[in-house]
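Both backbone and side-chain heavy atoms feed into the values below; hydrogens, waters and symmetry mates do not. Letters go in sequence order (proteins before strands), and every chain restarts at 1. This is a predicted model, so every value here is computed, not measured.
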Amino acid sequence: MPDYNFFDNVYDVVRQIPKGRVTSYGAIAAYLGSKQSSRIVGYAMMASGTANPPVPAQRVVNKQGLLTGKFHFGGDTMEQMLQNESVEVIDNQVQNFKEIFWDPAIELAL
DNA sequence: TACTTGACAAAAG
DNA sequence: CCTTTTGCCAAGT
């Protein structure tokens, strides 16, 4: 068993995302190590579908606030879940993204 | 063991 | 503004 599971780190951060808030792959990657690892975060999210406990991957979007991976949830499930948490999503785009953005580098720095 | 793919991001053309 | 390229790391083939 590996030591530092990048995936586990990602899961831990994502689970701490408050309701009605969203973050970006790059933010998580940057918080863990380097923003270059953003792809690994996305990969972790994909694996999160089989992870236990499952992580609120719907709260993780790309830096544009765009629901790039909504298809992995199955149709518009991602949008529905986000809107169910008071997150406005229009055309795969999180509205007011900048306002509800949750940055682990700041929130978890406390 | 090597090559390809991927829920990203930033830069270049 | 849109398309292409490069970098990064892990997993699948």
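To the nearest 0.5 angstrom, A/N62 atom CG is 4.5 Å from A/T68 atom OG1.
Whole-Å rounding puts the A/Q36 CD to B/dG6 P distance at 21 Å. Regarding A/N9, its CG atom lies at a distance of 14 Å from the C1' atom of C/dA10, rounded to whole Å. A straight line from OH of A/Y11 to C1' of B/dA7 spans 12 Å, rounded to a whole angstrom. Regarding A/M45, its CE atom lies at a distance of 17 Å from the C1' atom of B/dA9, rounded to whole Å. Here B/dC8 presents its C1' atom at 18 Å from NZ of A/K70, a figure rounded to the nearest Å. Going from atom OH of A/Y25 over to atom P of B/dC8 covers 6 Å, rounded to whole Å. Distance A/H72 NE2 to B/dT5 P: 15 Å, rounded to the nearest Å. Following rounding to the nearest Å, A/L32 (CG) and B/dC8 (P) show an atom-to-atom distance of 17 Å.
Closest to the side chain of A/S48, out of B/dA7, B/dA9, C/dA10, is B/dA7. Taking the side chain of A/A57 as heavy atoms from C-beta on, and the options B/dG6, B/dA7, B/dC8, the nearest nucleotide is B/dA7. Of the candidates B/dC8, C/dA10, B/dA7, the closest approach to any side-chain atom of A/F73 belongs to B/dA7. Taking the side chain of A/R39 as heavy atoms from C-beta on, and the options C/dA11, C/dC8, B/dA7, the nearest nucleotide is C/dC8. Here the nucleotide nearest the side chain of A/S37, chosen from C/dC9, B/dA7, B/dA9, is C/dC9. The side chain of A/Y43 lies closest to C/dA10, out of B/dA9, C/dA10, C/dC8. For A/N62, the listed nucleotide lying nearest its side chain is B/dA9; candidates were B/dA7, B/dA9, C/dA10.
In this structure, A/E88 places its CD atom where only 12 or fewer heavy-atom neighbours from other residues, nucleotides or ligands lie under 6.0 Å away.
For the OP1/OP2 pair of C/dC8 and a distance below 4.0 Å, the side-chain nitrogens and oxygens of A/S38 include no atom meeting the criterion.
Between A/V87 and A/Q58, the closest side-chain pair of non-hydrogen atoms is not below 4.5 Å. Looking at heavy atoms from C-beta onward, A/V41 lies in side-chain contact with A/F6 at the 4.5 angstrom threshold.
Among the candidates A/V60, A/D12, A/I40, the single residue satisfying the side chain to side chain contact (heavy atoms under 4.5 Å, CB included) test with A/I28 is A/V60.
Rounded to the nearest Å, the gap between the P atom of C/dC8 and that of B/dT1 is 22 Å.
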